[in-house]
Protein chains: 2
Amino acid sequence: MSNEDNSKKNFSDIALWYLREQIIDGHMQPGEKLIESNISETLNLSRGPVRDALKQLAIEGLVDYHPNKGCTVALLSPKDAYEVFFLRGSLEKLALEKSGGHVDAYGILAMENALDEIKSLAGADNLLAEVNADEKFHAQIVLSGQITRLYKMWELLSPLNGAMFLTLKNIGEKAEIDNFGKSRGDRLIDQHERILRAVKSGDLEEACRALDAHYLRNGEIIYRSSLKNGLNK
Amino acid sequence: MSNEDNSKKNFSDIALWYLREQIIDGHMQPGEKLIESNISETLNLSRGPVRDALKQLAIEGLVDYHPNKGCTVALLSPKDAYEVFFLRGSLEKLALEKSGGHVDAYGILAMENALDEIKSLAGADNLLAEVNADEKFHAQIVLSGQITRLYKMWELLSPLNGAMFLTLKNIGEKAEIDNFGKSRGDRLIDQHERILRAVKSGDLEEACRALDAHYLRNGEIIYRSSLKNGLNK
DNA sequence: ATAATAAATATTGTTAACAAAATTGCCGCA
DNA sequence: TGCGGCAATTTTGTTAACAATATTTATTAT
């Protein structure tokens, strides 16, 4: 992510950020049709840049692209959630293995800052900010591996991860899920604190376990909730 | 990959396949500028679809995209080669772990066919066909994991992998690299036979070792050769 | 001659119009 | 009423022209 309304130079990016935010923040219903001319009209630009953005979003998985028929907001199933969490976790562990669990001083600082952000956002109902903070935290783990292309792949999963955040949040608000007596925000803080602790002490094994716990728990929550209230599919 | 001139419906895809082939087959020099109007003229279509293709190629990593300045054929360094091989190998091992090393009957059949293709292509000087056969072989490994999104990520690395093939082939033709007395084609056959053998016997550990050997050896060859003749960067 | 500057050219970014395809709504008909 | 097919509409795919930016060439001053 790392949006922060910066560097929105060209129109394709304006459309891209707009649509991503709309989708991740839940202002567009899954399955909803995305009509190029409508979008370009609301953004006061032409269809070209909007098409660019939609193609990018299709690659990211936030949008389903049906040739000659247009785009729809992606319907995300519990399987999708499982896959995204599994993959992000796997890529992060892969990076950590490469770095031997060692995140440099700058990275640790960035993670501490991100964690502070997460804490300060607890209960603030600012999903996008939460997603960005989470992103910043985990990014440092991936970057520690020093593998550019690994980072790019991980980054490509970020928008979908953000969308899953929305689902998790919605579930959390319905909140029949047991969190050992903690709120969604508190659980998130606990998990990230554990990861940071492991990384700071350079304990690769524990860091991997902490990451697994974090992502698997998220997947679990979505899966369980899909059994109760019927999520998509 | 899986091209085979099928389903080239829309013009964006025509441009995409054309450019990918040109780059992977080495008909375009690394660093070379890709002028939209030139390409659209040679393909007898307008700039729009060409732009689409270039954006996709930039995501795949075959092309460097410089905003407001245009695209150039990517300069691939030994580090890039290492990263691509490392990532593809890691994703394949991840998939195999998920499937417990078990590839179903259809998958095995497809791998055997792909291996036959690789064998029949030895020394035929048809790089694209070689890449496609290799692709088919490894795809079955990734598919065994049953994780759609993992497969998509792996697929995204395919064009870059194809480009690396070209480099490997060129190095092989200069051939100061020791291959234990074997040609590049024979080495490739040996490695794939070992992988297939492991997968057929359901030996996850050995399959992972075989994959590592395959990809690490490739990376090694490129790295060593970069020390002798100065590759890009 | 060289460097700085300005004009000319080339190239990308964006738009609006056109073509092709899909969707919708209407009508007749059983 | 319900169903098939044709016309009207909508929407995507493509194009060509226009605008903005970058690059090259030419010009001038030192």
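All of these numbers come straight from a predicted model, not from anything done at the bench.
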Are E92(A) and Y215(A) close enough that a side-chain donor and a side-chain acceptor fall under 3.5 Å? yes
How many Å lie between CD on E41(A) and P on dT12(D), as a whole number? 13 Å
Counting only N and O atoms by type, is there a donor-acceptor contact under 3.5 Å from the side chain of N38(A) to the main-chain atoms of I35(A)? no
How long is the gap from CD on E60(B) to CD on Q56(B), to the nearest 0.5 Å? 4.5 Å
Identify the residue among K33(B), Q29(B), E32(B), H66(B) that makes a side chain to side chain donor-acceptor pair (under 3.5 Å) with T72(B). H66(B)
Is there a donor-acceptor contact under 3.5 Å linking the side chains of R51(B) and S12(B)? no
For N161(A) and H138(A), test the side chains for any donor-to-acceptor distance below 3.5 angstrom and give the result as yes or no. no
Close residues, residues 57-72 of chain A, relative to DNA chain D [heavy-atom separation under 4.0 Å]: Y65(A), P67(A), N68(A), K69(A), G70(A)
Would you classify L34(B) as touching base, sugar-phosphate or nothing, given that sugar-phosphate means primed atoms plus P, OP1 and OP2, and contacts are heavy atoms under 4.0 Å? sugar-phosphate
Whole-Å gap separating P (dG13(D)) and CD1 (I35(A)): 12 Å
Return the CD1 to CZ distance between I24(A) and F165(A), rounded to the nearest 0.5 Å. 10.5 Å
For nucleotides 14-20 of chain C, print each protein N/O atom paired with a nucleotide N/O atom at under 3.5 Å, atom names and distance only.
unit_1  : atom_1 : unit_2 : atom_2 : d
dT14(C) : OP1    : F11(A) : N      : 2.8
dT15(C) : OP2    : S46(A) : N      : 2.9
dT15(C) : OP2    : S46(A) : OG     : 2.7
dT15(C) : O5'    : S46(A) : OG     : 3.3

Please give, in whole Å, the distance from dG13(C) C1' to L54(B) CG? 14 Å
Integer-rounded Å distance: dT11(D) C1' and N38(A) CG: 10 Å
For atom NZ of K152(B), decide whether the heavy atoms of other residues, nucleotides or ligands shown that lie under 6.0 angstrom number more than 12. no
